[in-house]
Amino acid sequence: MQGDDARTSSVGTLAALILLSALKGADLQLLPSSFRAMEHEMGLKPHILGVMALCQGVACAVTGPIWGNLVDCGASRKLLLKVGAGLWGLCTFQLAFTSKVWEMLLLRLLNGAALSMLWPVVQSFIADLTTSKNVGQVCGKVHCAANFGQVIACLMVVPISEQEIMGLMGWRLALAVVGALSLSVVLFVELAVEEVARSWDSRRFGLLCELRKLAGFFRIRTFCVIVLQGVFGTIPAAAQSFTTMYFQYLSIGNSMCGLITAIRTVGDGIGGALGGYLGDVASSVSPRYGRTCVAMISVTAGSPFVYVVYMAIPREASLGVFFAGILFSMGLFTSWEVPGCLQPMMMNIVPKRHLSSAFSWDVAIVFASGNTLGPLLVGFIAQDIFMYRQTEGSIADMSPELRAHNASALGKALFFSCVIPSLLSALNFTMLFWTYPADRELLKDREASDDESHEAHEGSWLLKDVEGKLTRQQT
């Protein structure tokens, strides 16, 4: 009976994590799916739209470690899930009824602060619910759920984004719906999530403790590689938030644009689940190098697809189905590295009691760099290098020459914003062949002789272990 109860609670908790991830994916997709509608209704230029993404990214970067610190100190993860989901639901709902740019920027900041909660809490639960044999598969399911949420958002928002429904523009109505759903999921978390009571340790709480841990994390070479990869690796994905806008300039209808983006996201979700499975299989064959090989295959597959989509295929509306097929294949093969490699690796190099902080700092640095640089980079290259011409009129009212010019500018900007960071990311992954095996064994040695009662300062375990490793290498 106890075993059945444990399995039931695990299923309920995992279901809640998957649902929250799906809603987070939908929330994140609302902004890029509304870019063209916001440009049309509010006269916002591409760099202003990029600044909105920047505000959300900065908020995630600043507040993520706070959530991670609370989890590692023993705060109720169930309570954190409810607070975070409620806050981002309120912000998203209010965005539907806001027209002032400064209010939108402020709400994006608050929304980013709330969304940053989910990642460290989810990773902490995954570490408790999985073993080394299935961790990639569970990470893949959560990844797939987030993409499913993005698909629903694409199919909902893009076709109705510039239509008026019940007195509201379609993109505003979509914000209200997602906000209301996020608020309602708080009740589901209360009913479904089961958590073993944990004791609060005030010694681990505070900025100084987090900075000590961060200093220790950076002494782990694999952690440094993961962070650096995140900086380069997320720029292409963030830059591609302008893909829907690019297709709209090809005179592809809004419904078809939404379908193309949804098909790409379906491929990305299936690819994430596949990558998690392949990572587990590769790790069982070669625990030291298997996951790195899976990630290398995935990241190097991206550049050819990017060239075909934004440069090689003629910019014609009649090729919408062809675009969809290429983007589906791109998502299927280029989304393996996070669930199949990076997430499981992080769990194998950082002790469980510090895991939420490690994931939070990783996401903070990535959001402060790659996830915010991507949209800004596309906006800068398109406007200042390829002379994109901003207009408040609808695309249907533009001259064919202006549509072709803007499509070319966006396509070239997207290509260069994706390919160069992808190549740097592939080079960075090769370092894991040297760093991960050593750091993995180091954690195993630490856990074999671990005695938390003798831990005097947070982060000291990292500094002492690395110093001991260097001493052993020198002798």
Enumerate the side chain to side chain donor-acceptor pair (under 3.5 Å) contacts for residues 60-69, please, sequence neighbours excluded, ordered by first and then second residue.
T63-S116, W67-S116, N69-E210
Heavy-atom neighbours of F433 CZ exceed 12 at 6.0 Å:
yes
Could you work out, with side chain to side chain donor-acceptor pair (under 3.5 Å) as the rule, every residue matching T292, not counting sequence neighbours?
none
Listed by chain and number, what are the side-chain contact (heavy atoms from CB on, under 4.5 Å) partners of S76, not counting sequence neighbours?
K78, L79, E195
If we count only N and O atoms by modelled type, under 3.5 Å, do the side chains of E337 and S298 hold a donor and an acceptor together?
yes
According to the salt bridge (charged side-chain N to carboxylate O under 4.0 Å, His left out) rule, which pairs have a member within residues 56-76, sequence neighbours left out?
D72-K213
Qualifying salt bridge (charged side-chain N to carboxylate O under 4.0 Å, His left out) pairs with a residue from residues 282-310, counting only residues at least two apart or across chains:
D280-R291
Before you tell me yes or no, could you show the steps for M256 and I260 under side-chain contact (heavy atoms from CB on, under 4.5 Å), namely the whole-Å CA-CA distance, both residues' side-chain angles and the distance that decides it to 0.1 Å?
CA-CA 6 Å; M256 188 61 184; I260 292 173; 4.1 Å; yes
Sorted by chain and residue number, the side-chain contact (heavy atoms from CB on, under 4.5 Å) partners of I126 (sequence neighbours excluded) come out as V122, Q123, T130, V135, V138, C139, V142, M347
Of all residues at least two apart in sequence or in a different chain, which pass the ring-ring contact (aromatic ring centres under 6.0 Å, His included) check with F148?
none
Those residues that, when tested against W434, pass ring-ring contact (aromatic ring centres under 6.0 Å, His included) (two or more places apart)
none
According to side chain to side chain donor-acceptor pair (under 3.5 Å), who are the partners of T334, at least two apart in sequence or on a separate chain?
none
Indicate whether the side chain of Q229 and that of S425 have a donor and an acceptor atom separated by less than 3.5 Å.
yes
Using the test side-chain contact (heavy atoms from CB on, under 4.5 Å), find all partners of V419 that sit at least two apart in sequence or belong to another chain.
S303, V306, F415, L423
Residue set satisfying side-chain contact (heavy atoms from CB on, under 4.5 Å) with D128, at least two apart, ordered chain then number -> R77, K352
Side chains of Q137 and N134: any donor to acceptor distance under 3.5 Å?
no
Taking only residues two or more places apart in sequence or in another chain, which ones pass ring-ring contact (aromatic ring centres under 6.0 Å, His included) with Y246?
Y310
Could you check whether atom CZ of F333 has more than 12 heavy atoms from other residues, nucleotides or ligands sitting under 6.0 Å from it?
no
Under 3.5 Å, is there a donor-acceptor pair linking the side chains of D27 and T92?
yes
